[in-house]
Amino acid sequence: MILLQRLNQLRYQKPLGIRLLAAILLCSSAITLIATGTQLWLDYRYELSAIDERLQQIETSSLNSLSNSLWEISPAQIQVQLDGLHQLPDIRYLEISSQYGDYYSAGTRPEEGPIVERNYNLSHQGADGTVFPVGDLTLVISLDEVYRRLTDKVLVILASQGIKTFLVSIFILTIFHRLITQHLGTMASYARRLKLDQLDLPLVLKRNKKHRDDEISQVVDAMNSMRESMLHDMSKREDAERSLAKLNAELEQRVTDRTRELEERNTELHDTLETLRATQRQLVESKKLAALGGLVAGVAHEINTPIGIGFTAASFLSDQAKEYLQRHPDDELAATAEESSHLICQNLERAAQLVRAFKQVSVDQSSEQRRPFDLMQYMDEVLLSLKPRLKRCNPEININGPKQLLLDSYPGSYYQIFTNLILNSLLHGFENQRGGHIDIQIRHADNRVIIDYCDDGIGVPEGWHQKLFEPFMTTKRSQGCSGLGMHIAFNLVSQLLKGHIDSLPTEKGAHFRLDLPVEIDNPH
């Protein structure tokens with residue numbers, strides 16, 4: 001107990017010595033274990049070779065005599081021979097069974113533990129060279145004694161090596177303490193006591209003169225030289241600190257002023273950058289959709305004439321086929337021609353309707369009439385004009401805003417925009433079912449009109465908030481929708497009315513926000 005307390009105290013006072021002792025013990029223990037293992041393996045091989053030699057000796061000297069005794073049927077002689085073999089080292093059990101059913105044994109068969117078992121066939125060779133089998137010999141050798149001898153040897157080796165290793169380690173630790181660790185402790189204590197106001201005291205170790213030129217003395221000299229250098233530098237440092245204090249006072253004020261200016265500039269630049277990015281996105285989107293609208297309108301203009309000619313030709317063919325069928329009612333070719341021309345006329349009529357819708361994509365400002373009007377009153381007129389088309393679904397439409405909001409703009413564009421939005425809610429949001437709510441919030445701020453259009457229908461599909469403003473984008477194409485309503489509304493807002501329209505995500509229904517000027521600048 002006292003030894004453990006002493007080791008625990010040394011662990012904190014002289015950890016370097018304890019680590020050295022632990023390293024020596026670990027290294028010596030590893031070498032001892034390797035050497036012991038090697039010796040144990042060699043001894044084990046030697047014991048096995050001795051057993052093999054003993055078995056070979058039995059094979060060469062005893063098998064023939066046992067075979068002759070069995071041939072001569074001499075039980076007493078057989079038992080004497082078995083007892084003699086049983087006296088050999090490590091042999092625990094022998095057993096002979098003859099061809100005539102006789103049974104002989106010596107010793108006791110081990111029930112457990114490692115064993116080596118050998119079986120031999122006993123035979124007798126007659127005078128004419130004929131071989132007669134006379135029996136079988138079973139021989140069992142136990143390895144318990146071998147393992148016991150090896151265990152005793154291991155214990156002796158480990159005990160002797162452990163004692164030797166411990167004594168050598170203590171001797172090395174003592175020498176290491178006298179030569180190194182006690183002086184390291186003195187230097188550590190000196191370093192802990194050393195302060196800036198105590199640099200005048202040098203480091204001195206109590207050592208013999210013959211050790212004055214080794215590495216520890218060099219460390220002591222280096223520490224004393226460092227102490228003197230610090231004394232020399234402290235005077236320079238004090239002068240520098242006084243200069244720095246004065247300079248820092250000036251710099252702190254300048255840094256504070258510059259930091260405030262940079263923060264103001266950074267805020268302005270950040271706001272300007274966000275504005276430029278938003279404007280860039282809107283311009284790119286407006287230019288792209290305007291170009292698409294111009295392309296669609298141009299294509300519609302170009303295909304209008306061939307569609308008209310095709311419709312005229314198909315109508316003429318239908319009339320001629322009908323006249324011919326009146327004269328020849330059984331003519332199948334004329335019936336086919338009349339039916340085909342009727343189908344052609346129907347599809348060309350549908351194409352003509354699409355062409356008329358395409359032409360609305362191109363916003364022609366010269367065809368619109370600009371005038372002052374009250375938006376709130378005009379919204380009531382829009383709802384009144386849509387009343388016949390709202391009878392089927394009969395949604396509840398609420399318009400909230402100021403009592404009067406005068407605009408100088410194009411009222412016809414507002415009519416077309418809100419007509420497309422409301423009809424889209426009926427067809428896509430409510431799917432032509434009765435009920436539903438539409439809320440239109442109108443507010444005036446900084447010469448701008450902000451309009452939030454919301455319904456509680458099925459909403460805009462995921463990923464369609466930007467695509468729905470592109471031409472021909474619709475989810476109801478099978479129901480006759482052309483996908484041009486929202487594209488026309490986008491072109492009217494961005495091109496003619498000089499504003500913005502966005503589809504905003506919402507948990508339920510659809511939400512569109514229009515940002516429009518109160519007064520549009522004269523383009524001329």
Side-chain angles (χ1 to χ4, degrees), residues 28-167:
S28 301
S29 300
I31 295 174
T32 300
L33 290 176
I34 294 173
T36 303
T38 303
Q39 183 66 36
L40 182 63
W41 182 78
L42 293 175
D43 292 343
Y44 178 72
R45 298 292 299 175
Y46 173 77
E47 293 287 348
L48 291 182
S49 64
I51 292 174
D52 291 337
E53 291 179 359
R54 198 173 296 119
L55 291 174
Q56 291 178 1
Q57 182 180 0
I58 292 173
E59 291 174 3
T60 56
S61 61
S62 300
L63 293 183
N64 289 330
S65 62
L66 287 172
S67 300
N68 292 331
S69 297
L70 285 173
W71 178 258
E72 294 174 358
I73 312 176
S74 178
Q77 182 66 24
I78 293 172
Q79 189 64 44
V80 169
Q81 291 177 341
L82 289 178
D83 293 337
L85 293 175
H86 181 256
Q87 298 301 320
L88 294 176
D90 300 325
I91 295 179
R92 293 291 178 267
Y93 179 72
L94 297 100
E95 175 185 295
I96 293 178
S97 59
S98 68
Q99 297 292 331
Y100 308 104
D102 296 329
Y103 176 80
Y104 308 93
S105 65
T108 304
R109 177 184 288 273
E111 297 295 335
E112 58 184 12
I115 60 172
V116 176
E117 182 175 343
R118 297 290 176 88
N119 296 312
Y120 301 98
N121 296 321
L122 302 178
S123 61
H124 176 75
Q125 186 174 2
D128 57 353
T130 305
V131 178
F132 300 95
V134 294
D136 297 317
L137 171 64
T138 300
L139 189 146
V140 178
I141 298 175
S142 175
L143 298 179
D144 289 338
E145 289 297 323
V146 175
Y147 289 163
R148 185 185 60 78
R149 291 193 294 272
L150 293 177
T151 302
D152 295 341
K153 187 176 293 187
V154 168
L155 294 176
V156 172
I157 294 174
L158 290 178
S160 60
Q161 293 293 331
I163 294 173
K164 182 185 70 174
T165 300
F166 181 75
L167 293 176

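Quantities reported herein were computed from a predicted structural model and do not represent experimental measurements.
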How many angstroms lie between [atom1] in [X] and [atom2] in [Y], if you round to the nearest 0.5 Å?
| X | Y | atom1 | atom2 | answer |
| --- | --- | --- | --- | --- |
| Tyr104 | Ser98 | OH | OG | 5.5 Å |
| Leu139 | Ile141 | CG | CD1 | 5.0 Å |
| Thr138 | Leu94 | OG1 | CG | 9.0 Å |

Side chain to side chain contact (heavy atoms under 4.5 Å, CB included) against Pro114, all qualifying residues, sequence neighbours excluded: Leu143, Asp144, Tyr147

Those residues that, when tested against Asn121, pass side chain to side chain contact (heavy atoms under 4.5 Å, CB included) (two or more places apart):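 Once residues adjacent in sequence are excluded, the partners of Asn121 under the side chain to side chain contact (heavy atoms under 4.5 Å, CB included) criterion are Asp136.
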
Taking all non-hydrogen atoms of both residues into account, name the closest pair between Leu82 and Ser105 and its distance. CD1-N, 3.9 Å

If you compare all heavy atoms of Tyr93 against all heavy atoms of Arg109, which two are closest, and at what distance to 0.1 Å?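 Heavy atoms of Tyr93 and Arg109 come nearest at CD1-N, 3.4 Å.
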
